[in-house]
Amino acid sequence: MKSKISGVELRRIAMPLVAPFRTSFGVETSRDVLLVRVVTSDGEGWAECAAMSEPRYCSEYVDGAQDVLRRFLIPALPKDGLDVQAVGRILRPFTGHRMAKSALETAVLDAQLRGAGESFGGYLGAARDRVPCGVSVGIMDSVPELLDAVEAYIAEGYVRIKLKIEPGWDVEPVRAVRERFDDDLLLQVDANAAYTLADAQQLAQLDDFGLLLIEQPLANDDMVQHAHLGKLLRTPICLDESIESATDAAAAISLGACSIINIKPPRVGGYLEARRIHDLARAHGIPVWCGGMLETGVGRAANVALAALPGFTLPGDTSGSHRYFATDITEPFVLADGHLEVPTGPGLGVAPLSDVLDEVTTSSEWIAL
Ligand code: NPQ
Ligand code: MG
């Protein structure tokens, strides 16, 4: 199917977080999100760009993403009609900028699926109608504060807890959570690349706590050292930042750098590449789960659809809207029995509510094709 694209709106919104979110790479209090709206002969398509304000989690940042979309990626699209399968090929000559590319491809896909009356989940190959949800818990000022936060999330129904860790905030908070809650609590940790191989003995102390996994303990670009670390730990290693493509996933699996993969579609250039990683991992018996980038309802809808694919065998960071935002720009995603329903409407199945959207908009530009 081919849709003629007349232009693309790049809209920036400011979304205050319900509480500061601290990781090993910084503290976030508000989300500065770039929304992409493509206007086609079949109707509109929406997506959001996951890039953060500053290049700390990875090299992309939101002003850079908007610049590359405006100057290179959007102008590369053909005026005369476009199938979503062609978007990745057209954008490939531009290196990197995967989050920007993901947003553009996803918006085109949303428009195309809306036109065809098909849902994102149906298109991607969702195998169930709801997904179990985990929650990512930031670094706190004290252990009692952390225990209160974890208790509240468990009470909300989250089926898996992920603790953000860094040197100086690892064994003690994990031990405290293990001692305070049931032994069968699904628990994992995420270091966001805060350690080196010299910390292996410290990280090995986490082996006593029956963690599902440790996510991205070492540097983004160091798969070889992850393979070494894996031999020193009993806790399974999961890669996040290190996996930017299906090629990277193949390398990581071949090297033994990880035994689990966190798939974040924006980080790998989109939902089609995310599905390729899913297929590859599944063929190798590597479990995957869907990560999160503090998405609004627009990105959340797409993630929930992806997380319903059969190889997503671990709960994702697909939390409810209210984990991050008091007011979402779409109808909020609300947990029921620890799960989120996969949207069934055409395309993403959700769209921004225009009154909410206008309230949070900080700028908008139109790029005609
Ligand atoms: C991770 N996400 O798995 C990321 C990191 C992360 C849910 O833990 C603003 C935008 C703040 C994106 C903080 C979770 C963020 C962000 C953390 C992503 O590593
Ligand atoms: Mg992570």
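Atoms within a ligand are numbered from 1 in the order they appear, just like the ligands themselves.
Ligand 1 has no nitrogen or oxygen under 3.5 angstrom from a nitrogen or oxygen of Tyr57. Residue Asp240 places at least one N or O, backbone or side chain, under 3.5 Å from an N or O of ligand 1. Inclusion of Asp190 in the set of residues having an N or O under 3.5 Å from an N or O of ligand 1 is warranted. Polar contact check, Thr23 against ligand 1: no nitrogen or oxygen pair lies under 3.5 Å apart.
Applying the 4.0 Å criterion to heavy atoms of Phe21 picks out, from ligand 1, the atoms 8 (O), 13 (C), 17 (C). Within the listing of ligand 1, atoms 9 (C), 11 (C), 15 (C), 16 (C) sit less than 4.0 angstrom from a heavy atom of Leu294. Counting the atoms of ligand 1 from 1 in the order shown, those under 4.0 Å from a heavy atom of Glu28 are 9 (C), 11 (C). Close approach of ligand 1 to Glu215 is summarised as follows: ligand atoms under 4.0 Å from at least one heavy atom of the residue are 3 (O).
Residue-environment remark: CD (Glu44) exceeds the threshold of 12 foreign heavy atoms within 6.0 Å. Annotation: Phe181, atom CZ; neighbour count of heavy atoms from other residues, nucleotides and ligands within 6.0 Å is above 12. Environment of CD in Glu172: sparse, with no more than 12 heavy atoms of neighbouring residues, nucleotides or ligands closer than 6.0 Å. Within a 6.0 Å sphere centred on CD of Gln201, other residues, nucleotides and ligands contribute 12 heavy atoms or fewer. The local environment of CG in Asp183 is sparse, with at most 12 non-hydrogen atoms from other residues, nucleotides or ligands closer than 6.0 Å.
Among protein heavy atoms, atom 4 (C) of ligand 1 sits closest to Lys264 NZ, 3.1 Å. The nearest heavy-atom contact from the protein to atom 6 (C) of ligand 1 is Phe25 CZ, 3.8 Å. Nearest protein heavy-atom contact of atom 7 (C) of ligand 1 is Tyr324 OH, 3.4 Å. Nearest protein heavy-atom contact of atom 19 (O) of ligand 1 is Asn192 ND2, 2.8 Å. The protein atom (non-hydrogen) at minimum distance from atom 2 (N) of ligand 1 is Gly292 O, 2.9 Å.
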Determine, stepwise, if the pair Thr235 / Asp207 fulfils side chain to side chain donor-acceptor pair (under 3.5 Å).
-> CA-CA 5 Å; Thr235 307; Asp207 283 344; 2.7 Å; yes
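With a 4.0 Å heavy-atom cut-off, ligand 1 is reached by the backbone of Met293 and by its side chain too.
One distance of note links CD1 of Ile329 with CD of Glu359; it measures 12.5 Å at 0.5 Å rounding. In this structure, the separation between CG on Asp182 and CD1 on Ile154 is 8.0 Å, given to the nearest 0.5 Å. A distance of 6.0 Å separates OG in Ser242 from CG in Asn220, rounded to the nearest 0.5 Å.
The closest side-chain heavy-atom distance from Phe325 to Arg31 is below 4.5 Å. Leu69 has its side chain within reach of Leu34: a pair of non-hydrogen atoms, C-beta onward, lies under 4.5 Å apart.
A side-chain hydrogen bond (donor to acceptor under 3.5 Å, both in side chains) with Asn192 holds for exactly one of Lys164, Glu215, Glu166; it is Lys164.
Heavy-atom separations between Lys164 and ligand 1 include at least one value shorter than 4.0 Å.
Any protein N/O/S atom under 2.8 Å from the Mg ion (ligand 2) was counted, giving 3 altogether.
Identified under the ring-ring contact (aromatic ring centres under 6.0 Å, His included) test for residues 268-300, with sequence neighbours left out: Phe120-Tyr271, His278-Phe312.
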